[in-house]
Amino acid sequence: MIPYLIISLFISSVAFAQKVRKVKFGLFTDVHVPTMHDAKERITAFMDSMKTAKPDFVIELGDFGTPAPKYAYGFDLWKSYPGLKYQVIGNHEMDGGYSLKQALDYRGMPSPYYSFENNGFYFIVLDGNDKKTPEVKGYQQYIGEKQLEWLEEELDKAKTPIIIFSHQGLGKDGVDNAADIRAMLEVHNKKAKKNKVIVNFYGHIHYDRADEINGIWYVCINSMSYKWLGEEYGHVRYSEQVDKDFKWIKYTAPYKDPLYTVIEISTKGTITIAGKKSEWVGLPPEKVGFPVQNPEYEVPEIRARVLKFKP
């Protein structure tokens, strides 16, 4: 009787262990190659780090650069990564008069939104650059009806836990229709069993932030490069030559070191985010008169976190 009990417990524990799945990916966002004089070194540091981390794939969450030939070195570095890699379309990929089609073609992306699977998880990549109306101008923060219909189909199609990537987020500081999208995700999760939405990772606002809203995490990954301050807070932080060659850099508060992370998600119910800390180059934002409204989030750091969710 006892040996049978021991064998049964062993079989049960093996079965449980087999059900636990993990996925690990390297991630950065908002490197802004056209703005940063040392973008090459920042991307290279990430690539070198991935040789040690050995993730299942890498992904960048947008605002990488435009198709202008002078920024090709950034894309060449990205393409040199030998493993699986994915990109997200940010709002700055179309700067300089480039179209969305040109940005996609340059990256070899057939669509700005798509899905893929890895290690028993379902990944959905969204595009937050849709227009509310045809005549609206400027940068967008919106996900249109056609894409939302596609998203709903993807949620239903998934057979495993779901992770969402986007440039503009779906949380409290997300796209204009973020509340409606969160409601859609929450309705899905109420009826879902194995294919619940776990987390949305995003960039765009250069914050280090994590919010849990009704059982789903919304995690803003900090920029690889800087905090944007604006033209009224211009301050030369590098050499005169750098300031001449990279005209927007003086309107930022750069991070001395590139920020990126490695994230591991387990079906045991954990999202583990590797931390990376840097410091400001030159004066911090408040010392040049910038009104820091969210000191908890506006930091030169990606904090180490272990976030919990219900499997």
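Just so you know, these numbers come straight off a predicted model, no measurement behind them.
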Do Met50 and Val262 pass the side-chain contact (heavy atoms from CB on, under 4.5 Å) test, and can you show the C-alpha distance, the side-chain angles, and the key distance before you say yes or no?
-> CA-CA 9 Å; Met50 294 305 102; Val262 174; 3.7 Å; yes
Test Asn91 against Asn129 for side chain to side chain donor-acceptor pair (under 3.5 Å), laying out the working first.
-> CA-CA 6 Å; Asn91 56 298; Asn129 298 293; 5.8 Å; no
Take Asp243 and Lys250 through the test salt bridge (charged side-chain N to carboxylate O under 4.0 Å, His left out) and record every step on the way to the result.
-> CA-CA 7 Å; Asp243 189 58; Lys250 68 165 69 70; 3.2 Å; yes
Stepwise side chain to side chain donor-acceptor pair (under 3.5 Å) test for Gln141 and Gln168 | CA-CA 7 Å; Gln141 291 195 106; Gln168 303 92 335; 5.6 Å; no
Trp150 vs Leu126, side-chain contact (heavy atoms from CB on, under 4.5 Å): CA-CA, chis, key distance, verdict | CA-CA 10 Å; Trp150 173 87; Leu126 297 177; 3.9 Å; yes
May I have the step-by-step check of side chain to side chain donor-acceptor pair (under 3.5 Å) for Gln147 and Asp127, ending in yes or no?
-> CA-CA 8 Å; Gln147 188 177 173; Asp127 173 24; 4.8 Å; no
Just do the side chain to side chain donor-acceptor pair (under 3.5 Å) check on His37 and Gln241 with the steps written out, would you?
-> CA-CA 10 Å; His37 70 298; Gln241 190 60 50; over 6 Å; no
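For Tyr255 and Tyr226, the ring centers sit 6.0 Å or farther from each other. Checked against the 6.0 Å centroid criterion, the rings of His92 and Tyr139 qualify as a close aromatic pair. Residues Phe123 and Phe57 bring their aromatic ring centres within 6.0 Å. Ring centroids of His206 and His32 are separated by less than 6.0 Å, placing the two rings close together. Aromatic ring centres of Phe75 and Phe64 lie closer together than 6.0 Å.
Asp257 has no carboxylate O lying under 4.0 Å from a charged side-chain N of Lys276, or vice versa, which leaves the two without a salt bridge. Asp208 has a carboxylate O that lies under 4.0 Å from a charged side-chain N of Arg305, or vice versa, which qualifies the two as a salt bridge. Ion pairing of Lys79 with Asp76 is absent here, as no side-chain N (NZ or NE/NH1/NH2) approaches a carboxylate O to less than 4.0 Å. Salt-bridge annotation for Arg107 and Glu93: present, with a side-chain N of the basic residue lying under 4.0 Å from a carboxylate O of the acidic one. Looking at Glu154 and Lys157, a side-chain N of the basic residue comes within less than 4.0 Å of a carboxylate O on the acidic one, giving a salt bridge. Comment: Asp173 engages Arg209 in a salt bridge, judged by a side-chain N to carboxylate O separation of less than 4.0 angstrom.
At distances below 3.5 Å, not a single donor-acceptor pair connects side-chain atoms of Lys194 with backbone N or O atoms of Ala158. Without hydrogens or angle criteria, Lys54 side chain to Lys51 main chain gives a donor-acceptor distance under 3.5 Å. Trp280 places no side-chain N or O within 3.5 Å of a backbone atom of Val299 that could act as its donor or acceptor partner. Within the 3.5 Å criterion, the main-chain N or O of Pro254 finds no donor-acceptor partner in the side chain of Arg237. For Lys191 (side chain) and Val187 (main-chain N/O), no donor-acceptor pair under 3.5 Å exists by modelled atom type. The backbone N or O of Ser266 lies less than 3.5 Å from no partner atom in the side chain of Lys22, so there is not a single donor-acceptor pair. For the pair Gln140 (side chain) and Gly138 (backbone), a donor-acceptor distance under 3.5 Å is present. Side-chain N or O atoms of Asp130 include none that pairs as donor or acceptor with a backbone N or O of Ile143 at under 3.5 Å. In terms of modelled atom types and a separation under 3.5 Å, the side chain of His188 and the main chain of Asn195 share a donor-acceptor contact. Asn189 contributes no side-chain N or O that, together with a main-chain N or O of Lys196, makes up a donor-acceptor pair within less than 3.5 Å.
The distance from atom CG of Leu151 to atom CG of Leu185, rounded to the nearest 0.5 Å, is 6.5 Å. Summarising the geometry, atom CG belonging to Asp30 is positioned 8.0 Å from atom OG belonging to Ser225; distances are rounded to the nearest 0.5 Å. Glu60 CD to Ile221 CD1: the interatomic distance, rounded to the nearest 0.5 Å, is 13.0 Å.
Seen from the ring of Tyr142, Lys131 does not count as a face-on cation partner, given the 6.0 Å and 45° thresholds.
Under a cut-off of 6.0 angstrom, the local environment of CD in Glu232 is crowded, with over 12 non-hydrogen atoms contributed by other residues, nucleotides or ligands. Around the CD atom of Glu212, the shell of radius 6.0 Å holds more than 12 heavy atoms that belong to other residues, nucleotides or ligands.
Screening Phe116, Phe165, Phe121, Tyr260 for a ring-ring contact (aromatic ring centres under 6.0 Å, His included) involving Phe25 leaves a single residue, Phe165.
In the hydrophobic clustering of ILVMFWY residues, with side-chain heavy atoms under 4.5 Å counting as a link, Leu259 and Val58 come out apart. The hydrophobic cluster containing Tyr297 also contains Val175, counting ILVMFWY residues as joined when their side-chain heavy atoms lie under 4.5 angstrom apart, directly or transitively.
You'll find the side chain of Phe290 reaches within 4.5 Å of the side chain of Glu298, heavy atoms only. Counting only heavy atoms from C-beta outward, the side chains of Pro311 and Thr267 never approach each other to under 4.5 Å.
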